[in-house]
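Below is one structure; the comments refer to it alone.
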Amino acid sequence: MRDFFGGLLRPRIEALGLEIGSANIKMVELSGTPPSLKNLSIRPTPPGVIQEGSIIEPGALTDVIKEMLAEMRTRKRYVVTAASNLAVITRTLQVPKMPIKQMEEAVRWEAERYIPFPIDEVVLDYAPLDAYESIPDGEQMDVVVGAARQETVASLVEALKAAGLEPLVIDVKPFAGLRTLGARLAATDREPITLFLEIGAESSALVLTRGERLLLNRVINLSGKDFTAAISKAFNLDVVAAEDAKKNYGLATIPTEDEDLLLDFDAERERFNPARMYDAIRPVLVELTTELRRSLEFFRVQVGDLGVDQGFVAGGGSKLRSLVPLLSDTLGIPLETADPWQGLQIDKSRFDLEYLRGLAPEFTVPVGLALRGVNPLD
Ligand SMILES: Nc1ncnc2c1ncn2[C@@H]1O[C@H](COP(=O)(O)OP(=O)(O)OP(=O)(O)O)[C@@H](O)[C@H]1O
Ligand SMILES: [Mg+2]
């Protein structure tokens with residue numbers, strides 16, 4: 001009874017989480033506090049729909065989203081979604097604290113210097129890094145600004161509306177991923193420095209935080225598709241066959257002799273034997289680790305010599321065999337695969353936990369989006 005009237009007094013809009021990835025579209029429905037998992041769906045993105053972070057064929061996208069809504073049997077129509085990393089620029093900048101109404105204009109003014117396209121062609125949003133109330137009037141405050149081209153956002157909104165959905169929030173993917181880490185970002189005895197790395201199909205993102213405060217957000221232009229391209233080239237395969245070979249035989253560490261011996265002599269396995277596979281993939285691995293090292297170095301110079309205490313990896317691209325331990329070794333940071341299901345109530349009679357575990361990397365961002373959907377004020 002109390003809940004019922006409470007609900008009337010504080011009507012709650014709950015939104016779905018939806019990530020339109022370049023490889024997979026993922027949708028998640030959560031409900032209540034603490035949030036429980038109601039439903040989820042993942043479908044391959046039809047080829048050619050997304051390119052370089054922009055929607056090229058909104059019609060095909062709309063069809064898939066409609067199918068997913070039907071499959072999930074949800075009545076929710078509000079969504080929290082995200083723009084591609086390739087379409088968003090984030091920067092941390094400083095503005096003097098002022099009444100909230102004037103903040104937006106001040107941020108826009110300041111952002112103009114940092115955003116490489118005309119400011120009147122971008123959609124811009126910002127969030128203070130520290131609680132607004134905690135900053136004395138007139139002092140400088142750090143804000144993180146996210147900007148995307150108006151046309152990119154407009155085509156996303158259009159495709160969603162055509163599927164009958166109403167976008168509430170367009171988020172930044174790695175920030176959504178961070179949300180799934182919840183309490184693990186927070187202080188125990190001191191604020192830990194946390195690394196979050198999301199390796200998607202089309203791009204990756206590297207984030208560092210101290211406690212819950214953002215320190216660094218970088219787009220890394222190496223991702224799943226680069227591994228696929230390397231395999232496609234080395235073995236002379238089309239993209240679909242190279243994807244398959246990567247998932248079945250890809251590996252990120254120098255194969256041991258044992259591994260070679262374990263192979264039975266079927267022709268597929270012989271063709272994609274670990275040594276050849278490793279040779280094909282190695283240049284991309286080197287580029288990726290170099291890029292990550294460089295970003296961490298940049299951060300050290302900026303912030304002072306600080307160790308990273310813990311790291312979480314997500315995104316389907318991180319499922320390449322042995323990649324997480326390899327990165328952990330080369331960066332010297334303990335890394336684990338993020339578990340977005342951790343903070344959710346999950347009915348074991350409805351969901352196969354093994355299946356969910358296998359899709360944890362792909363669903364980290366979508367679950368983070370859905371978490372915002374049940375806490376729209378966060
Ligand atoms: N077992 C595996 N080994 C290697 N790569 C894998 C494996 N499973 C999935 N991937 C890769 O993960 C990527 C898809 O993951 P994900 O769904 O997170 O991407 P996305 O969200 O569509 O991409 P983006 O956000 O960059 O647009 C693809 O590049 C795919 O090849
Ligand atoms: Mg993604």
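Whatever order the structure lists ligands and atoms in, that order sets their numbers, starting from 1.
- The protein atom (non-hydrogen) at minimum distance from atom 5 (N) of ligand 1 is Lys246 CE, 3.4 Å.
- Set against the non-hydrogen atoms of Glu19, the atoms of ligand 1 under 4.0 Å away are 21 (O), 25 (O).
- For ligand 1, the atoms lying closer than 4.0 Å to a non-hydrogen atom of Lys173 are 24 (P), 25 (O), 27 (O).
- Under the 4.5 Å side-chain heavy-atom criterion for grouping Ile, Leu, Val, Met, Phe, Trp and Tyr, Leu215 is connected to Leu331 within one hydrophobic cluster.
- Salt bridge Glu71/Arg43: present, at least one basic N to carboxylate O contact under 4.0 Å.
- If you number the atoms of ligand 1 from 1 as listed, the ones under 4.0 Å from a heavy atom of Glu243 come out as 30 (C), 31 (O).
- Summarising the contacts of atom 14 (C) of ligand 1 with Thr228, Asn24, Asp226, the nearest heavy atom is found in Asn24.
- Among the backbone and side-chain atoms of Glu19, an N, O or S atom lies under 2.8 Å from the Mg ion (ligand 2).
- Under a 4.0 Å criterion applied to the non-hydrogen atoms of Gly224, ligand 1 contributes the atoms 29 (O).
- Evaluated by nearest non-hydrogen atom to atom 18 (O) of ligand 1, the leading choice among Gly316, Gly21, Pro366, Ala205 is Gly316.
- Between Lys26 and Glu362, no side-chain nitrogen of the basic residue sits less than 4.0 Å from a carboxylate oxygen of the acidic one, so the salt-bridge criterion is not met.
- For Trp341 and Phe363, the gap between ring centers is short of 6.0 Å.
- Cluster annotation: Leu296 and Leu323 are assigned to the same hydrophobic cluster (Ile/Leu/Val/Met/Phe/Trp/Tyr, side-chain heavy-atom contacts under 4.5 Å, transitive).
- Looking at atom 8 (N) of ligand 1, its nearest protein heavy atom turns out to be Lys247 CE, 3.7 Å.
- Between Arg213 and Asp142 there is a salt bridge, since at least one side-chain N of the basic residue sits less than 4.0 Å from a carboxylate O of the acidic one.
- Across the listed options Glu202, Lys319, Glu198, Lys26, Lys319 owns the non-hydrogen atom lying nearest to atom 2 (C) of ligand 1.
- Taking the charged nitrogens against the carboxylate oxygens, Arg357 and Glu354 do have a contact shorter than 4.0 Å, which makes a salt bridge.
- For atom 28 (C) of ligand 1, the nearest non-hydrogen atom of the protein is Ala201 CB, 3.8 Å.
- For ligand 1, the polar-atom distance check against Gly317 finds a nitrogen or oxygen pair separated by under 3.5 Å.
- Between the side chains of Gln310 and Thr194, at least one donor N or O sits under 3.5 Å from an acceptor N or O.
- Of all the atoms in ligand 1, the ones that sit under 4.0 Å from a non-hydrogen atom of Ser203 are 26 (O).
- When each atom of ligand 1 is checked for a heavy atom of Leu320 under 4.0 Å away, the hits are 3 (N), 4 (C).
- At a heavy-atom cutoff of 4.0 Å, ligand 1 is contacted by no atom of Arg321, backbone or side chain.
- Scanning the protein heavy atoms around atom 27 (O) of ligand 1, the nearest turns out to be Ser22 N, 2.7 Å.
- Using a 4.0 Å cut-off between a side-chain N of Lys or Arg and a carboxylate O of Asp or Glu, Glu243 and Lys247 qualify as a salt bridge.
- Taking a cutoff of 4.0 Å between a charged side-chain nitrogen and a carboxylate oxygen, Glu291 and Arg294 qualify as a salt bridge.
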